[in-house]
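This report concerns only the one structure given below.
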2 protein chains.
Amino acid sequence: MRRSVSVDEDGKVRQAKRDPEGVRRDILSAAMEEFSLNGLSGGRIDEIAARTRTSKRMIYYYFGDKEGLYERVLEEAYAKVRGGESDLGLDALAPVAALTKLCRFTFDHHRANPAFIRMVMIENIHHGRHLLHSEAIRGLNRPAIEALESVLRRGQAEGVFRAGVEALELHWQISALSFFNVSNVATFSAIFGDSLFTADGQEQLSRHVAEMVLRYVLSPGHVGAISPSDG
Amino acid sequence: MRRSVSVDEDGKVRQAKRDPEGVRRDILSAAMEEFSLNGLSGGRIDEIAARTRTSKRMIYYYFGDKEGLYERVLEEAYAKVRGGESDLGLDALAPVAALTKLCRFTFDHHRANPAFIRMVMIENIHHGRHLLHSEAIRGLNRPAIEALESVLRRGQAEGVFRAGVEALELHWQISALSFFNVSNVATFSAIFGDSLFTADGQEQLSRHVAEMVLRYVLSPGHVGAISPSDG
DNA sequence: GGCTTTATGTACTGGTTGGTTAATAATGGG
DNA sequence: CCCATTATTAACCAACCAGTACATAAAGCC
């Protein structure tokens with residue numbers, strides 16, 4: 001009943017008596033659910049074990065202790081989310097279109113990955129202590145800046161973007177708007193209603209975030225060219 | 001040693017044998033430290049009691065249970081932070097100056113209240129469940145929108161601000177940029193370095209956030225009038 | 001087919017921690 | 001000055017929960 005089922009080369013179904021890598025992934029995915037929902041201190045190992053096809057013992061066998069498991073879950077969260085954002089093909093687009101696409105993608109991508117957002121929130125509550133432990137994660141994020149940097153430089157070279165805008169700072173701004181949109185839904189909508197978080201509200205917000213970023217970087221002569229409320 | 005000391009009308013120092021209100025405040029402030037640092041599930045009642053001049057029993061006497069205490073701490077956090085932002089005197093300023101001031105104030109104010117930010121993060125992790133319980137908090141935040149609304153309308157009437165910008169959405173944007181700056185320092189600086197979080201970096205970020213918001217609302221003719229990098 | 005290594009299940013434990021019991025001291029009203 | 005109410009203490013408890021002891025089954029190797 002707790003043996004996983006696999007298909008071998010001949011197409012024959014057979015019981016895979018052992019599947020260490022599968023067990024690992026199973027645990028990781030259950031742990032991601034639990035931790036992203038309840039945090040590190042709120043997450044329960046027994047609960048994670050229960051959501052698994054295997055037992056609590058295996059968690060300690062593969063991950064050492066709770067904190068070790070948490071760190072792997074955090075890494076996994078970053079890896080998964082960064083994996084899904086590889087090639088937007090920005091280089092093939094004109095600077096304005098590229099930046100717009102990047103903004104809208106970032107906004108949507110954050111929105112589509114609430115578990116990742118929650119893991120990052122939780123990690124920030126813990127002052128990023130575990131993130132520092134992990135070499136892997138830090139290297140994972142540089143490409144984002146480089147892609148933005150490239151778009152920015154092209155735009156500045158063409159004269160559509162003004163000088164004096166830094167890629168890192170712009171990335172910070174785009175991230176802020178996209179992150180907050182997911183991280184603070186609960187409190188914001190509790191206080192101000194959920195009008196910004198309906199399907200329509202989110203679509204409009206997404207457009208306006210992109211518009212805000214564009215207006216920020218466009219050089220004086222080109223601001224007027226913005227589509228009044230998208231088209 | 002655990003009796004608080006007060007001064008009566010004659011200026012005479014005397015032992016205040018009982019001070020219920022003081023005990024309450026003492027507990028609340030210790031609890032705020034503990035919860036904002038470790039979260040609801042991570043916060044320890046014994047730890048809170050230890051930071052108090054009184055005993056653990058008193059916490060249950062005054063606040064019922066852990067969750068009750070947490071909810072009062074959350075209310076307290078909102079009340080304190082909203083109390084400190086009352087009169088910016090925006091009405092006395094020209095729209096552009098008023099909006100700039102509001103942005104920069106919001107940015108700085110968030111930065112000056114990390115415990116509040118952390119409480120809001122934690123509450124969002126809990127899906128805002130406790131915020132909904134509290135009638136008090138929700139009413140507390142409307143004035144912020146109204147102040148912004150008033151500045152916006154004046155600007156639009158004068159023609160400096162373009163039409164089609166909503167106060168609620170703009171508030172969301174300003175909040176996002178100001179909130180993220182505090183909530184995500186740990187992870188952002190772990191990944192991208194702390195150049196944005198030094199004194200200089202923060203000053204520049206603050207200016208650029210205000211500038212971004214301004215550029216977003218200014219009507220076409222007035223964008224050029226922005227000071228290139230502040231002055 | 002033995003023998004070592006890897007993987008897994010069951011049952012348990014010891015410390016932690018939210019919450020309580022019972023007794024008592026101060027306070028204020030009449 | 002008595003009595004009800006409010007405030008406070010110290011010791012206690014039961015549940016919960018991270019982590020472990022022990023036994024054993026499967027795989028890989030020669």
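Letters go in sequence order (proteins before strands), and every chain restarts at 1. Everything quoted here is computed from the prediction, not taken from an experiment.
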Item to complete: Whole angstrom is fine here: how far is it from CZ in A/Phe63 over to C1' in C/dT8?
Response: 15 Å
Fill in: Salt-bridge present (A/Glu34, A/Arg44; N to O < 4.0 Å)
no
Practice prompt. Give one of base, sugar-phosphate or nothing for B/Tyr62, where a contact means two heavy atoms less than 4.0 Å apart.
Written response: sugar-phosphate
Practice prompt. Return the value, rounded to whole Å, for the distance between atom CD1 of A/Ile27 and atom P of C/dA7.
Written response: 12 Å
Worksheet item: Rounded to whole angstroms, how far apart are CD1 on B/Ile48 and C1' on C/dG18?
Response: 11 Å
Worksheet item: CG of B/Asn38 versus P of C/dT16: gap in Å, rounded?
Response: 16 Å
Item to complete: Take atom CG of B/Asp26 and atom P of D/dT8, then tell me their distance rounded to the nearest Å.
Response: 11 Å
Worksheet item: Hey, does the side chain of A/Tyr60 come within less than 4.0 Å of D/dG19's phosphate (OP1/OP2), counting only N and O?
Response: yes
Practice prompt. Give one of base, sugar-phosphate or nothing for A/Gly64, where a contact means two heavy atoms less than 4.0 Å apart.
Written response: nothing
Discussion item. When you measure only distances, ignoring hydrogens and angles, does the side chain of A/Lys56 come within 3.5 Å of the base of C/dG9 through a donor and an acceptor?
Written reply: no
Worksheet entry | Rounded distance (Å) that lies between atom P of D/dG19 and atom CZ of A/Arg44 | 11 Å
Worksheet item: When the nearest nucleotide of DNA chain D is assigned to A/Asp46 and to A/Arg57 on a heavy-atom basis, which residue is associated with the more 5' position?
Response: A/Asp46
Worksheet item: Looking for any heavy atom pair under 4.0 Å, which part of the strands does B/Gly68 touch: base, sugar-phosphate only, or nothing?
Response: nothing
Worksheet item: For the pair made of CD1 in B/Ile59 and C1' in D/dT9, what is the distance, rounded to whole Å?
Response: 14 Å
Worksheet entry | Closest to the A/Met58 side chain, choosing from D/dA18, D/dT8, C/dA7 | C/dA7
Worksheet item: Hey, mind stepping through A/Tyr78 and A/Phe116 against ring pair (Phe, Tyr, Trp, His ring centres under 6.0 Å) and telling me if it holds?
Response: CA-CA 7 Å; A/Tyr78 269 94; A/Phe116 165 73; 5.1 Å; yes
Discussion item. Looking at A/Arg142 and A/Glu146, is there a salt bridge between them, counting it only when a charged N and a carboxylate O are closer than 4.0 Å?
Written reply: no
Item to complete: In plain terms, say whether B/Glu203 and B/Arg207 are close enough for a salt bridge, that is, a side-chain N and a carboxylate O under 4.0 Å apart.
Response: yes
Practice prompt. Not counting sequence neighbours, list each pair that qualifies as a salt bridge (charged side-chain N to carboxylate O under 4.0 Å, His left out) and has a residue in residues 116-133 of chain B.
Written response: B/Glu67-B/Arg129
Worksheet item: D/dA26 P sits how many Å from A/Tyr61 OH, rounded?
Response: 15 Å
Worksheet entry | Closest to side chain of A/Asp65, choosing from D/dT9, D/dG19, C/dG19 | D/dG19
Worksheet item: Which nucleotide in the set C/dT8, D/dA18, C/dG19 lies at the smallest distance from any side-chain heavy atom of A/Ile45?
Response: D/dA18
Fill in: Short side-chain N/O contact to D/dT9 OP1/OP2 from B/Thr54, under 4.0 Å
yes
